[in-house]
Amino acid sequence: MAMEKNFDANTAEARIAGEWAASDAFAAGANAKPGAESFSVVIPPPNVTGSLHIGHALNNTLQDILVRWHRMRGFDTLWQPGQDHAGIATQMVVERQMAQRQEPNRREIGREAFLQKVWAWKQESGDTIIEQLKRLGASCDWSRNAFTMSGAPGAPAGEEGNFHDAVIKVFVEMHDKGLIYRGKRLVNWDPHFETAISDLEVENREVPGHMWHFKYPLAGGATYEYVERDEDGNVTLRETRDYISIATTRPETMLGDGAVAVHPDDARYAPIVGQLCEIPVGPKQHRRLIPIITDEYPDPDFGSGAVKITGAHDFNDYGVAMRNNIPLYALMDGKGAMRQDGLSYEESAEIATRAANGEDVGDVSNVNLVPEELRGLDRFEARKLVIEQISAEGLAVTYLHKEIEKETGAEHLERRALVESKPIMQPFGDRSGVVIEPMLTDQWFVDTAKIVGPALDAVRSGQTKILPEQHEKVYFHWLENIEPWTISRQLWWGHQIPVWYGLNLSLEGQVDDDHDGALDDVEIFALLEEGLVHRDEIHHAASGFADVAEKFRDSIAGLPQPLEIARVIEVANREAAVDAFAQGLADYNLTQDPTKLVYPVWRDPDVLDTWFSSGLWPIGTLGWPEQTPELARYFPTSTLITGFDIIFFWVARMMMMQLAVVGDVPFRTVYVHGLVRDEKGAKMSKSKGNVIDPLTLIDQFGADALRFTLTSMAAMGRDPKLGPKHVEANRNFVTKIWNATRFAEMNGVRGGVARPEPKHVVNRWIIAELARIRMATDEALESYRFNDAATGLYAFVWGKVCDWYVEFSKPLFDGEHREETQATMGWVLDQCYTMLHPIMPFVTEELWALTGDRPKMLVHGDWPEFGAELIDAEADRQMNWVIALIENIRSARAQIGVPAGARPDLIVTEADEAARAALAANGPLIERLARVNPPADGAMGPGMISVAALGASFALPVGEMIDVKAESARLEKSVAKTEKDAQGLRGRLSNPKFVENAEAEVIEETREKLAALEDDVSRIRAALAQLQAM
RNA sequence: GGGCGAUUAGCUCAGCGGUAGAGCGCUUCGUUCACAUCGAAGAUGUCAGCGGUUCAAAUCCGUUAUCGCCCACCA
């Protein structure tokens, strides 16, 4: 059977992938030795909406290398695959598709129908990336493919895993331990998706912006002496002012100001602290007054030193407002438009004014300080109008603008509004790209401060190691300054929060006024009349309605009878609950039948942050909360390979959550790789159009070439830069080893033989080289130096096996060493396939099958363990001499211009014993590779060029071709270079301090090197002398 | 404003105490029984600057410059 000249990656890859799949080659524990240690990796789950990008290709190639390597070494190996439900992204994709098809939108069809559509979409398109990963060669146990939404209510057949159970169980447990809480807080709100997002999902970007300066007039026309001083206390400005100057980049938020704050030590404003000033916007007749307060937050050296405080729309202001008991006036709705709900402006302003005067006005959520003419406008539209209004009123801070007419020289003075154009940092939603609005909303939070400790300790103590180490610092810094994690999302696709609410009926003893433990008609009437609407809520978390009903029964057990036996029922929302409860009461009132009484509860409509479920990935994919055998065998997992961009999103949270939930670290080692960039080092992005599609590269050059390329560029802590040229070069490497095999095959070499113990020095030498590369490869992989493993194998296969061993073998196949050379080559190539397999699984699997009758596929091949014991120092020394001699002859020939086809004699003018032995053993090899006739003793003569090797000198008669001048120039140049190197070594050795301090080994090495150089120099000098004597 | 990283051949990058390497590109030569997706030979570096530690520095320390990235609430 003759092999083709090239490996046909396209057809072979599909076929081989099919064979692996058919034989369950990647199943958990496949190829494990009895009693083997386990090695497990969980895949960073790609989004169901995803398709394979170059970052996935790198990430999964590196994982696959570790996994295949361990599997071949006989570990009990599991690579756990799966996908992430990606709440926002998926909901967005499905909604977009619905819009394209001109179907009714999600609100029109309702939650349940929409979720069905998402599941349908997932079933149809969700496998895309899995198939792509298979094309890459990822050896995951695909039978275990997990999904973060599996087992959720409404999941169709085929999605009945239990990930949902894990998520819900963790939520309930953390809730009941007080690690998860609900609260009305200022959160990052995405007005596009109309949901809260966590601080990590906010991208702060610098954009061109403006800063406006406005005057807030003092109440009642009061004035004060405004004095500015320089550093030495000299007065630089003194004027009487009736206002305080305020700067803002967001004038529309002035409507919601609750105070103006200055620093307590700021002498400029000391006279007016405690006074009221007027917000210069809003209907003239209802201008609001707000107090001037002190707080540590304002920086006296920045701007005017006075800050307007809008507690409901700015995180800093929120802090100031909370400290100083300033009301938080919300101005916008979920879409980022000015509110239209709540009280009229007039009523609202009245309440706010009372608050400004120190009165406790209670809950202000109904207060809407947006003037009627601005209500419903987009926030940016409202900004324009606010600016216009203030400016029209002359309350913008102005400066004197001087213009000189060119022709006449006349000066024009004009007052202009002070508006600074400057770059400002603005928060954007990482998925929506719109400006994030801080909004006061009810959300769920993980109290991260309570669970962060163990996650920090585990890395500090080395229980989990993060590589490269520089990332540990980043990890520490983030965790040490961690903020509460907002986990509720106002979306539909996700794990619905397992919390139910009910009306709080037990407040302040209102229910049972006469404390008789029973509900009389008067009290029932009171309950109904006093507005159930205004009652607050109680809530419980549980894994389902049955469980939560139990908890509510406990809660209402203390109510007066017969309320305490009301039936707990589930309704859609609060309004429905009020209605149902009222109805029940009314029925009871009529019939006195206590079974008519119901206690309605409704479930929180929000879903959990996708990362909350991803945070449970290690245990969740292994079957937790069931105590599965896989959990016992593979948890904690061995290594996590991931990109630095999700260290916070994912890695840190997995650390916290696994430790909080099961008390152990999720993985022993985290290897963080870089971001693949284009060949110029730029980030790949669609807008730049420099995105490299890994599938195109696979089509073009094969998966092995792509994998090898990514691996060889994966130096720790660096960003790989990828261009098609690189992949092409490595495709050539695939071709190279393919053709080395083809050569072997043509010479009767077969694989599958036991390790031979050859006699010939060439065979002994290549085995020694192989032993070295085996040790180096393992060492590199053990320390995650993937690039060293790849480049080392490349250099060995191409630079040693193909360039030299294959060439040396040609004469050997014709002689008495034919058989041992066949055996050696077969065995050496087998080892090459084996060691390359983790990086290049397809071509090696193919070659493995082509070259022998194999008991098993290479994917389950045995990783070699041999090492230094196979190194034959004498063979090594001799072959290095032979190679050096061949190189020297080739070099001399090329420089003198001896035609490639010419075959001159090789005259040995002088040689020591070792050189003679090497010549005798390797004559035919040298003849062939240096293209010379068999070596024979003789003397230097005219028309010859000379060549030296350690311990020997040679002459090559090249007849009339010789140009004496050129030959002496060549020799002189060679002497000069060698002599220069020798001089350096001599200098070192003659330095007494070097000899005193340096390691003995280093000194010895230096001496040997010098001796070799000196031998070389003297031989070339001799040749030069002879040349000149002729 | 903090933190991290980079600066090495024309290009993209390894190396991280013993005197510079790879791939691509370039020059010359080559139909020698594996491979032109190839072979042979070659050219090309004050290892960013300055200072220090050391017998010895691309490699360790300090500093400057330039370029990246991450984090951060300056109105």
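Letters A, B, ... are given to chains in the order of the sequence lines, protein chains preceding strands, and every chain is numbered from 1.
- In this structure, A:Lys1009 reaches the sugar-phosphate backbone alone: every heavy-atom distance under 4.0 Å involves primed, P, OP1 or OP2 atoms, never a base.
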Contact letters for nucleotides 28-34 of chain B, in which S counts primed atoms plus P, OP1 and OP2 and B counts the base, heavy atoms under 4.0 Å: ----BBB
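- Side-chain contact check for A:Leu62 versus A:Tyr784: every heavy-atom pair is 4.5 Å or farther apart.
- Taking for each of A:Asp299 and A:Gln470 the nucleotide of RNA chain B with the nearest heavy atom, the 5'-most of the two is the partner of A:Gln470.
- Atom CG of A:Asp317 is separated from atom P of B:A75 by 11 Å (rounded to the nearest Å).
- RNA chain B is contacted by A:Ala729, A:Arg731, A:Asn732, A:Thr735 of residues 728-735 of chain A, taking any non-hydrogen atom closer than 4.0 Å.
- In this pair, A:Phe7 and A:Trp738 present their aromatic rings tilted. The plane angle is within the 30 to 60° band.
- Note on residues 983-1000 of chain A: pairs passing salt bridge (charged side-chain N to carboxylate O under 4.0 Å, His left out), not counting sequence neighbours, are A:Glu979-A:Arg986, A:Arg986-A:Glu1014.
- Residue A:Gly305 is classed as a base contact, given a heavy-atom separation below 4.0 Å to a base.
- The side chain to side chain contact (heavy atoms under 4.5 Å, CB included) search around A:Met425 returns A:Asn204, A:Glu206, not counting sequence neighbours.
- Inter-residue side-chain proximity for A:Ile737 and A:Cys832 is flagged as met; some heavy-atom pair is nearer than 4.5 Å.
- In summary, the side chains of A:His210 and A:Ser421 do present a donor paired with an acceptor at a separation below 3.5 Å, with no hydrogens or angles considered.
- A:Val1002 comes within contact range of at least one nucleobase, with a heavy-atom separation under 4.0 Å.
- Counting only residues at least two apart or in different chains, side chain to side chain donor-acceptor pair (under 3.5 Å) contacts with residues 785-795 of chain A comprise A:Ser783-A:Arg785, A:Arg785-A:Asp788.
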Please list, one pair per line, the donor and acceptor atoms closer than 3.5 Å that link side chains of residues 1000-1008 of chain A to other protein atoms, with sequence neighbours excluded.
from	atom 1	to	atom 2	distance (Å)
A:Thr1006	OG1	A:Val1002	O	2.7

